[in-house]
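Convention: sequence-line order gives letters A, B, ...; per-chain numbering from 1.
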Protein chains: 2
Amino acid sequence: MLSKKKQTVNPGKFKSKIEGINYGLLDSLVGYSIRRGQISFYDDFFKAVNEPSITPLRFSTLVIIGANPGLRQVQISDLFGVARPGATSLIDYWEKKGCVERRVGDKDRRSYGIYLTKKGSEDLENLQNIVKAHEDHMTRNLSNSERETLMDLLKKIYSEA
Amino acid sequence: MLSKKKQTVNPGKFKSKIEGINYGLLDSLVGYSIRRGQISFYDDFFKAVNEPSITPLRFSTLVIIGANPGLRQVQISDLFGVARPGATSLIDYWEKKGCVERRVGDKDRRSYGIYLTKKGSEDLENLQNIVKAHEDHMTRNLSNSERETLMDLLKKIYSEA
DNA sequence: TATTGTTATACTCTATAACTATA
DNA sequence: TATAGTTATAGAGTATAACAATA
């Protein structure tokens, strides 16, 4: 197995361009452009959500649980590419906040079905509204058609990777 | 200061789409699309470079040093949004490999100028060729004009963040 | 006093391995 | 035996703080 690969950036400290610096090959790389965009989104996500413990991954987990009631942890692990203990920890986080509950499976008693609680539904609703506003902010210089184009072009990259 | 935010994914394990899963809001978010694209690039970078210790950040560091001879560590720290000890560690990595050298500054003896060695130039040349091939592979389903469009649209996001 | 770089330390995230319980 | 989930452990990466040298 490959060793772990972290992608941390001191939040808010990364500048996509600095005057007087020659970026060499980096400026012509799609990969580096995507990285720049990703860091911008990432930073703004935390500003918008304003709760450092809610990471994009934790947010995505809550969205997926909301959209797929009864999901099992092993599926979350597959979905986001985290090992099983990582899925345990993701669910623990939201369970401690009272947003999700583990229900013992009827058919297979090794696994749980994960469900939103009432509080979870409300929190998710609020979070989704915040994230939608953050999206609007981040794409404020794009027309609707440009936004569609961007998502289509990205799909051409990740859907065949 | 905000706490650290990691963006790790078990390399190669993340799947951008899984059958039978409802992605809910995530499918309509530009931010999640960029994340999917970024993970694809990240995974393929490691496959292409085939040396786990060479991360995209370390590669970018070598590129920037090559394009800006005499760069100081504090500038690398600013450039990539890492704290100063992070810059020390980045330079240590390449110095141990014999690819860069620290030269004591003539004007300001607090700082070093960082320069590629002969080996560093050769390794950088090789790495850049590998990364260019990786880029071609990742964008193989995009025409040249689509590639340009993608980079332009991303720039509209990160240049005003 | 402020800045550059280093070292020591602490913290987060997450993979691996070992375990329990079910199948 | 294989799988779902948990717990314990270890490692990578990087921020903060304290320090030395220089400005």
* Asked: Looking at A:Y42, does the NZ or CZ of A:R35 lie under 6.0 angstrom from its six-membered ring centre and within 45 degrees of the ring axis?
  -> no

* Could you work out which one of D:dG13, C:dT14, D:dA4 sits closest to the side chain of B:T55? => D:dG13

* Structure fact -> Whole-Å distance, A:D78 CG to C:dT14 C1', equals 16 Å

* Quick one: A:D92 CG to D:dG5 C1', roughly how many Å, whole number? -> 10 Å

* Structure fact -> Hits for side chain to side chain contact (heavy atoms under 4.5 Å, CB included) against B:D152, two or more places apart or cross-chain, chain-then-number order -> none

* **Distance in angstrom units between A:L57 CG and C:dT12 P, rounded** => 16 Å

* Asked: With nearest nucleotides of DNA chain C determined for A:R58 and A:R84 from heavy-atom distances, which residue corresponds to the more 5′ nucleotide?
  -> A:R58

* Asked: Given C:dT4, is OP1 or OP2 found less than 4.0 Å from the side-chain N or O atoms of B:R72?
  -> yes

* Asked: Partners of A:Y32 by ring pair (Phe, Tyr, Trp, His ring centres under 6.0 Å), sequence neighbours excluded?
  -> none

* Structure fact -> Those residues at least two apart in sequence (or on a different chain) that pass ring pair (Phe, Tyr, Trp, His ring centres under 6.0 Å) with B:F59 are B:F45

* Interatomic distance, B:Y93 OH vs D:dG13 P [rounded to whole Å] -> 10 Å

* Asked: Which residue lies toward the 5' end of DNA chain C, A:A83 or B:A87, if each is placed at its nearest nucleotide?
  -> B:A87

* Roughly how many Å is it from CD1 in B:I91 to P in D:dT14, rounded to a whole number? -> 13 Å

* Asked: Can you check the A:L90 CG to D:dA4 P distance for me, whole Å?
  -> 17 Å

* **Upstream residue (5' side of DNA chain D) when B:S89 and A:P85 are each assigned their closest nucleotide** => A:P85

* Salt bridge between A:R102 and A:D92, side-chain N to carboxylate O under 4.0 Å? -> yes

* Starting at atom CZ of A:F14, determine the distance to atom C1' of D:dG13, rounded to an integer number of angstrom. => 17 Å

* Asked: By side chain to side chain contact (heavy atoms under 4.5 Å, CB included), which residues pair with A:N126, not counting sequence neighbours?
  -> none

* To do: Strictly below 4.0 Å, heavy-atom distances to any atom of DNA chain D: list the hits from residues 97-115 of chain B, or just say none.
  => B:K107, B:D108, B:R109, B:R110

* **side chain to side chain contact (heavy atoms under 4.5 Å, CB included) involving B:S145 - partner list, sequence neighbours excluded** => B:S143

* Asked: So, is B:Q73 close to the C:dT6 phosphate, meaning a side-chain N or O under 4.0 Å from OP1 or OP2?
  -> yes

* To do: Using whole Å, report how far NZ of B:K13 lies from P of C:dA15.
  => 8 Å

* Asked: Distance check: side-chain N/O of B:T88 vs OP1/OP2 of C:dT6, anything under 4.0 Å?
  -> yes

